[in-house]
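This report concerns only the one structure given below.
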Number of protein chains: 2
Amino acid sequence: MTGQRPAAERATDRWADVRRRLRARGLRWTPQRRVLLEVLAGVDGHVTGAELVERTRRIDPTTTPSTVYRTLDVLEGLGLVSHSHGLEGRQEFHVNPRADHGHLVCPGCGGSWELAPDEVAELVAGLRDGRGFEVAVDHLTIEGRCADCARAGMARA
Amino acid sequence: MTGQRPAAERATDRWADVRRRLRARGLRWTPQRRVLLEVLAGVDGHVTGAELVERTRRIDPTTTPSTVYRTLDVLEGLGLVSHSHGLEGRQEFHVNPRADHGHLVCPGCGGSWELAPDEVAELVAGLRDGRGFEVAVDHLTIEGRCADCARAGMARA
DNA sequence: GTCGTTGCTGCAACATGTTGCGATAACAGC
DNA sequence: GCTGTTATCGCAACATGTTGCAGCAACGAC
Ligand SMILES: [Mn+2]
Ligand SMILES: [Mn+2]
Ligand SMILES: [Zn+2]
Ligand SMILES: [Zn+2]
């Protein structure tokens, strides 16, 4: 009997912190939020908003999109997730973002790459010094033609 | 009589070039495209896609969104317009883009500023040299906190 | 355990595009 | 002017979110 407890307790512990932080802001711990956090716990890397709605529905089919998106807003406020935008401007969420990073996307092949902090360091510093503008690096998505697509384009032209 | 001709001819001339370029690609000159070009001729600076649908409908109420957006794609292919994305990821069109330029947007106040070419020159050069990635500067939108909102944030904290 | 406050949910409507498809019409050739 | 080819149109359905609102329920207080 007690042999099964630890797993459940570990899951409880994982959520206890979130619950505490919600309560500290006067916000509430609801079944819907628990389900979304369960989904997020199983995510590695990036997920789109639609995908999160989908996965949440697999656990609880009564889930509605508005609740999911509103909860994601709340969790972003807590720093548990962050979002940027993919090719069609769709939301892409990062779970437990370790370090801020932007993305490079190529509409030609649909490819996507993470941007290392030092690749945008000068841009960030330049805009801060020149305009007092603080770039949201984790929200940054730069579109353009990747090396492979550029080569293919040259061959065609 | 002939005194009224020039204006009409000027308008005809303005479109003759577009028509010619469409035909050169095997594409067609239709009443719907003429109306959209009439709308675009009256635009200075940026417009959202929804706004273009709206204005086109004011000239021809039977206009449908799909035709407007598909025509905008075609005109973008001709280089007559280009688009980037605003705060909510919505399309913003530039008419007759003189020089490529990106944008800075601040979710705090909704402000938007144009990016001078030299402000992104190093970023563009760095990604080209380091990855062979060619940034679409006219599509670039950088989100962050503007100087005014940063000051307001400091005061609050 | 009950109560009151108020944050949260689910619904319905809406906003902004996108896509598949059958009917229409622009254009070149005659 | 006709005719044939095929790009384009309009419609309907869909994708991805967002927002207003009325009722529900999480939570702290007692
Ligand atoms: Mn965003
Ligand atoms: Mn785009
Ligand atoms: Zn590519
Ligand atoms: Zn601002």
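Residue numbering restarts at 1 for every chain, and letters A, B, ... go by the order of the sequence lines.
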Starting at atom [atom1] of [X], determine the distance to atom [atom2] of [N], rounded to an integer number of angstrom.
X	N	atom1	atom2	result
Leu22(B)	dA28(C)	CG	C1'	16 Å
Leu72(A)	dT16(D)	CG	P	15 Å
Leu78(A)	dG7(C)	CG	C1'	14 Å
Asp60(A)	dT9(C)	CG	P	11 Å
Arg57(A)	dG17(D)	CZ	C1'	13 Å
Glu51(A)	dA15(D)	CD	C1'	14 Å
Leu52(A)	dA15(D)	CG	C1'	16 Å
Gln91(A)	dT16(C)	CD	P	16 Å

Check whether any side-chain heavy atom of Ile142(B) lies under 4.5 Å from a side-chain heavy atom of Leu123(A), and answer yes or no.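 They are in side-chain contact.
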Heavy atoms only, 4.0 Å cut-off, all strands: where does [X] land among base, sugar-phosphate and nothing?
X	value
Thr30(A)	sugar-phosphate
Arg90(B)	sugar-phosphate
Thr48(A)	nothing
Arg19(A)	sugar-phosphate
Arg33(A)	sugar-phosphate
Glu88(A)	nothing
Gly89(B)	nothing
Arg23(A)	sugar-phosphate

Does [X] have a side-chain nitrogen or oxygen under 4.0 Å from the phosphate oxygens OP1 or OP2 of [N]?
X	N	result
Gln32(A)	dG7(C)	no
Tyr69(B)	dT18(C)	no
Thr64(B)	dC11(D)	no
Ser66(A)	dG10(C)	no

Using heavy atoms to find the nearest nucleotide of DNA chain C for Asp73(B) and Arg28(B) separately, return the residue whose nucleotide is more 5′.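 Its nearest nucleotide being more 5', the pick is Asp73(B).
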Of Glu92(B) and Trp29(B), whose closest DNA chain C nucleotide lies nearer the 5' terminus?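 Per heavy-atom nearest nucleotide, the more 5' residue is Glu92(B).
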Which nucleotide, dT9(C), dA26(D), dC8(C), lies nearest any side-chain atom of Thr71(A)?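 Nucleotide nearest to Thr71(A)'s side chain: dT9(C).
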Main-chain N/O of Ala24(B) paired to Arg20(B) side chain as donor or acceptor, under 3.5 Å: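 Absent.
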Taking the side chain from Arg57(A) and the backbone from Thr62(A), do they hold a donor-acceptor pair closer than 3.5 Å?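 No, the answer is negative, given that no donor and acceptor are paired below the 3.5 Å cut-off.
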Can you find a donor-acceptor N/O pair under 3.5 angstrom joining the side chain of Arg70(B) to the base of dG10(D)?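 Flag set: donor-acceptor pair detected.
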For a ring pair (Phe, Tyr, Trp, His ring centres under 6.0 Å) with His103(B), tell me which candidate from His83(B), His94(B), His85(B) qualifies.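 In the set His83(B), His94(B), His85(B), the residue that makes a ring pair (Phe, Tyr, Trp, His ring centres under 6.0 Å) with His103(B) is His94(B).
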Under 3.5 Å, is there a donor-acceptor pair between the Glu92(B) and His46(B) side chains?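 Looking only at side-chain atoms, His46(B) and Glu92(B) do not form any donor-acceptor pair under 3.5 Å.
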For a salt bridge (charged side-chain N to carboxylate O under 4.0 Å, His left out) check, start with the C-alpha distance between Arg151(B) and Asp148(B), then their side-chain angles and the critical distance, and finish with the verdict. CA-CA 5 Å; Arg151(B) 257 191 297 281; Asp148(B) 286 351; 2.9 Å; yes
